[in-house]
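Below is one structure, written out as structure tokens; the observations come after it.
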Amino acid sequence: MRMTRLHAPTLRETPKDAEVVSHQLLVRGGYIRKLAAGIYDFLPLAQRVLHKINRIVREEMDRAGAQEVLLPAVQPAEIWQESGRWAKYGPELLRMKDRKGGDFCLGPTHEEVIVDLVRRDVRSWRALPLNLYQIQTKFRDEIRPRAGLMRGREFIMKDAYSFDTDEDAANASYDAMFAAYQRIFARCGLDFRPVEADTGAIGGSRSHEFQVLADSGEDAIVSCLECHYAANVEQAELDAPAGDAGAAGPPLETVPTPDKRTIAEVSGFLEVAADRFVKTLIVDADGTLHAVLVRGDHELNEIKLAKLLDADTVHLAEDAQVVAATGAPVGFAGPVGLTGVESIIADHAVRGLRDAVVGANAADAHHVHVDEGRDFTVDRFADLRLAVDGDACPRCGGRLKGYRGIEVGHVFFLGTRYSEAMRCNYLDESGREKPMVMGCYGIGITRIMAAAIEQNHDDKGIVWPRGIAPYQVAILPLQMNKADVVGAAEKIYAQLVDAGLEVLLDDRNERAGAKFADAELIGTPLRIAIGGRGLKNGIVELKVRGGEAVEKIPLDGLVDEIRSRLQ
RNA sequence: CGGGGUGUAGCGCAGUCUGGUAGCGCACCAGUUUUGGGUACUGGUGGUCGGAGGUUCGAAUCCUCUCACCCCGACCA
């Protein structure tokens, strides 16, 4: 492709609405433009990258035995009502009516559609296992889209659904997808981790996320330094610490803490470390208030709490509810003498805590020298907090290290949740009707593009992994007024194109600096610079994007050299 | 939805406080120049100042309403 023909409007300045580096570089490099919040145009360079990613995904999915289909983006409400999710999904599901007043939605995911498809035509155990996938635009009306392609409202996703006769077979399907995902993300040039994950709204019992390690990632994960265990902090199980309560502390006292509400404020004011605090959170679980205690330096994991209470929704209580339950303004709640809640639940780390600091259930006051068991009692202890750097590994006892991650893929073992709700049954060998056992598997295609940039860039621009770069080589004739330079560039361009390579020829009448800058911004893996000086000696200059060295390469055998560099 | 912020040319911004009929840089077009790290100069195209209503002789500027977008939080691929 010639740069004079390529529609890739590059910008010198960073658009002010782009915060994360992938968003900035995609806009500056002429890859994407924004149409509305979380909704983007994909320009030719981006489309090429997406094609590359899609091709890798298709190859690996096909190889794993899955078959590609294409399902409708517009879906009738009936199937969502059947699965129960029309009521449950909430405002993230973009709903609409057709001219006759019928309810429809834009698909945020396709369990309902695929189950409807399979249940109609698959009746026999002989047809299983079956794994169908598609690459398609999804729509989720996010509360807050952000970070460019990282969290869009409209995005491209590969979703796959497996159907099996029983749990063992379904687990084999899950394992096959898990292995395919490892190959896919590796081929995309990503540094990633599969981590154990919560099953969330989709439901099910077994789940892994594939997290690309990046400081800008939205997800927090922990990974064991000793063994292979890795998990989302929401999921990571934390064992109860050995219960050595120790000797009783001094008697309880009440101290004034004027206008000091947060742990950090009170900790600084009383000069007591945060891990000697008990944080008392008043939570609303399906309309019932509970007090939840976690150590001052820990954070409540609402997912674990919701599971413990078997609640559909768990959230921090409104200010007025807190005042009614504790008799004090927000910031001064504590477990001592607390009666305004259904129960007091505590994280394991609160068990046996001595000489602690808690809110006094009165404005501007805290209790100090508080002992759990002596000064307050807990109705039940459980694992309720988010894992943090330094926690013990639940598998081997080693130390967990914290990372930030971008979730590019997620695999779920669904079981029979959808197949039972929607009567997706088959006849087994003895003629009995049974629900199919399902799994579902997603990959954020557009998110991979952003994640790859988050992980591979420098101050000049994108440094594409080889496997997904829009073009493999950029040719820069540095002096457009010199016929020999232009001629050599054209000749090399023709040779490389003939050799089947993806080449960008910068035939614009720009000065060398502008060409270097744009080539680095766009991020092609290889760059060939052609100048009059080198040509006299029969050489051109080769630079690997992301590397330091500029190599002088003879014109003779250049094509073979380039080809070998791209291996 | 709560908190904070921004809307003036494709991009980045000034002008708003103190009303007088819109400007700068980049990009784009024409020409000259330059040609190994965003060359220089000249000329030029392009704007219902987010929208509606109001105040006023006169509104980008003041008032009211509204919309969009960004960031933080609660939600999720």
Side-chain angles (χ1 to χ4, degrees), chain A residues 9-20 23-24 27-28 30 33-39 89-93 108-110 136-159 197-202 207 209-212 217-219 232 234 283-284 300 302-303 306 313-319 405-412 440-448 450-451 460 476-482 485-486 508-521 527 529-535 540-541 543 550:
Chain A
T10 57
L11 303 177
R12 236 157 137 167
E13 290 177 275
T14 300
K16 68 168 181 206
D17 60 0
E19 180 100 339
V20 297
H23 188 196
Q24 294 175 347
V27 173
R28 281 193 55 213
R33 289 291 183 265
K34 183 172 69 190
L35 180 62
I39 300 176
Y89 214 96
E92 202 176 296
L93 182 64
T109 176
H110 280 68
Q136 197 221 29
T137 299
K138 302 286 194 235
F139 195 94
R140 296 184 188 177
D141 201 355
E142 290 281 344
I143 302 167
R144 184 157 90 81
R146 69 187 90 179
L149 297 188
M150 216 83 90
R151 176 166 302 282
R153 289 195 292 172
E154 185 178 293
F155 59 100
I156 300 170
M157 180 170 168
K158 187 285 304 178
D159 49 326
D198 179 62
T199 48
I202 295 184
S207 169
E209 292 167 349
F210 288 79
Q211 294 276 358
V212 168
E218 287 188 291
D219 293 327
N232 194 301
E234 296 172 340
V283 301
D284 178 335
L300 171 66
E302 291 184 12
I303 293 170
T313 61
V314 166
H315 56 86
L316 288 178
E318 305 294 325
D319 289 5
I406 300 165
E407 181 184 355
V408 290
H410 203 154
V411 293
F412 292 92
C440 76
Y441 318 93
I443 290 179
I445 301 292
T446 37
R447 192 181 272 182
I448 286 178
K460 301 260 178 42
L476 312 188
L478 298 178
Q479 300 119 329
M480 293 303 283
N481 60 333
K482 293 187 179 167
V485 170
V486 173
R508 298 174 302 171
N509 187 24
E510 292 286 348
R511 292 170 53 100
K515 294 189 179 185
F516 286 133
D518 274 340
E520 281 154 349
L521 179 59
R527 179 186 88 192
I530 302 167
R533 289 202 306 261
L535 276 188
V540 296
E541 287 167 12
K543 173 104 191 287
V550 175

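Chain naming here is simple, since letters A, B, ... match the order of the sequence lines and numbering starts at 1 in each. All figures in this text were calculated on a predicted structure; none of them were measured in a lab.
Picking from rC75(B), rC13(B), rG37(B) the nucleotide with the shortest atom distance to the side chain of Lys16(A) gives rC13(B). Which of rC69(B), rG37(B), rG12(B) sits closest to the side chain of Phe516(A) comes down to rG37(B). Closest contact between the side chain of Ala36(A) and the listed nucleotides rC75(B), rG36(B), rC69(B) involves rC69(B). Taking the side chain of Pro15(A) as heavy atoms from C-beta on, and the options rG37(B), rC11(B), rG38(B), the nearest nucleotide is rC11(B). With rU6(B), rC69(B), rG36(B) as the choices, the nucleotide that has an atom nearest any side-chain atom of Arg533(A) turns out to be rG36(B). Checked against rG36(B), rA77(B), rG38(B), the side chain of Arg28(A) finds its nearest nucleotide in rG38(B). In this structure, the nucleotide among rG36(B), rU35(B), rG37(B) sitting nearest to the side chain of Asn481(A) is rU35(B).
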(request) Take Arg527(A) and Phe516(A) through the side chain to side chain contact (heavy atoms under 4.5 Å, CB included) test and state the conclusion after the steps. (result) CA-CA 9 Å; Arg527(A) 179 186 88 192; Phe516(A) 286 133; 3.5 Å; yes

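Here Lys515(A) lies out of heavy-atom contact (under 4.0 Å) with every strand. Residue-level contact check: Asp159(A) touches neither bases nor backbone, having no heavy atom under 4.0 Å from any strand. Residue contacts for Gln479(A): at a heavy-atom cut-off of 4.0 Å it reaches a base atom on one of the strands shown.
Judged by Watson-Crick or G-U wobble contacts below 3.5 Å, the nucleotide rG10(B) has rC26(B) as its partner. As the counterpart of rU18(B), no nucleotide is assigned, since no Watson-Crick or G-U wobble pattern has both distances under 3.5 Å. Nucleotide rU33(B) forms no Watson-Crick or G-U wobble pair with any nucleotide shown, as no partner meets the under 3.5 Å limit on both distances. Here rG38(B) sits opposite no nucleotide as a Watson-Crick or G-U wobble pair (both hydrogen-bonding atom distances under 3.5 Å). In this entry rC62(B) has rG54(B) as its Watson-Crick or G-U wobble partner, both defining distances falling under 3.5 Å. Nucleotide rC1(B) forms a Watson-Crick or G-U wobble pair with rG73(B), both donor-acceptor distances falling under 3.5 Å. Here rU48(B) sits opposite no nucleotide as a Watson-Crick or G-U wobble pair (both hydrogen-bonding atom distances under 3.5 Å).
The same atom, P, is picked in rA60(B) and in rG37(B); the two are 47 Å apart, to the nearest Å. For the P atom pair drawn from rU61(B) and rU16(B), the interatomic distance equals 12 Å after rounding to whole Å. When the P atom is used for both rG3(B) and rG50(B), the distance is 24 Å, rounded to whole Å. Rounded to whole Å, the C1' atom of rA14(B) lies 13 Å from the corresponding atom of rC49(B). Of the P atoms belonging to rC41(B) and rC57(B), the separation is 47 Å, rounded to the nearest Å. Comparing rC11(B) with rG47(B), their C1' atoms sit 14 Å apart, to the nearest whole Å. Going from the C1' atom of rG73(B) to that of rC29(B) covers 48 Å, rounded to whole Å. rA9(B) and rG25(B) have their P atoms separated by 16 Å, with the value rounded to a whole Å.
Nucleotide rU35(B) holds its P atom 17 Å from the CG atom of Leu535(A), rounded to whole Å. Atom-to-atom, CG of Leu93(A) to C1' of rC76(B) comes out at 14 Å; the value is rounded to the nearest Å. rG37(B) atom P lies 14 Å from atom NZ of Lys543(A), rounded to whole Å. Taking atom CZ of residue Arg151(A) and atom C1' of nucleotide rC70(B), one finds them 16 Å apart after rounding to whole Å. If you measure from atom CD of Glu92(A) to atom P of rC1(B), you get 16 Å, rounded to the nearest angstrom. Asp17(A) places its CG atom 13 Å from the P atom of rC72(B), with the value rounded to the nearest Å. Between Leu521(A) atom CG and rG37(B) atom C1' there is a gap of 14 Å when expressed in whole angstrom units. Per the geometry, CD1 belonging to Ile39(A) stands 8 Å off P belonging to rC69(B), to the nearest Å.
Counting only distance, with no hydrogens or angles, the side chain of Gln211(A) and the backbone of Glu407(A) share a donor-acceptor pair below 3.5 Å. The backbone N or O of Val27(A) sits less than 3.5 Å from a side-chain atom of Arg33(A), completing a donor-acceptor pair. For the pair Glu209(A) (side chain) and Asn232(A) (backbone), a donor-acceptor distance under 3.5 Å is absent. With hydrogens and angles disregarded, a donor-acceptor distance shorter than 3.5 Å links the side chain of Gln24(A) to the backbone of Ala18(A). Under a 3.5 Å cut-off, the side chain of Arg153(A) and the backbone N or O of Asp141(A) do not form any donor-acceptor pair.
For Arg511(A) and rU39(B), the shortest distance from a side-chain N or O to OP1 or OP2 is below 4.0 Å. Put simply, Arg146(A) has no side-chain N or O that comes within less than 4.0 Å of OP1 or OP2 on rC69(B).
Ring-base stacking between Phe155(A) and rA77(B) is satisfied, the centre separation being under 5.5 Å and the plane angle under 30°.
Between Pro145(A) and Leu11(A), it is Leu11(A) whose nearest contact on RNA chain B lies nearer the 5' terminus. Nearest-nucleotide mapping onto RNA chain B: of Ala37(A) and Thr14(A), the residue sitting toward the 5' end is Thr14(A).
At least one side-chain heavy atom of Gln479(A) sits less than 4.5 Å from a side-chain heavy atom of Asn481(A). When side chains are defined from C-beta on, Lys515(A) counts as touching Pro477(A), because their heavy atoms get closer than 4.5 Å. Within the 4.5 Å cutoff, side-chain heavy atoms of Val486(A) are placed close to those of Met480(A).
Looking at Arg146(A) and Glu19(A), no side-chain N of the basic residue comes within less than 4.0 Å of a carboxylate O on the acidic one, giving no salt bridge.
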Between the protein and nucleotides 25-33 of chain B, list every N/O to N/O distance that falls short of 3.5 Å.
unit_1, atom_1, unit_2, atom_2, d
rG25(B), N2, Glu13(A), OE1, 2.8
rC26(B), O3', Arg12(A), NH1, 3.4
rA27(B), OP1, Arg12(A), NH1, 3.4

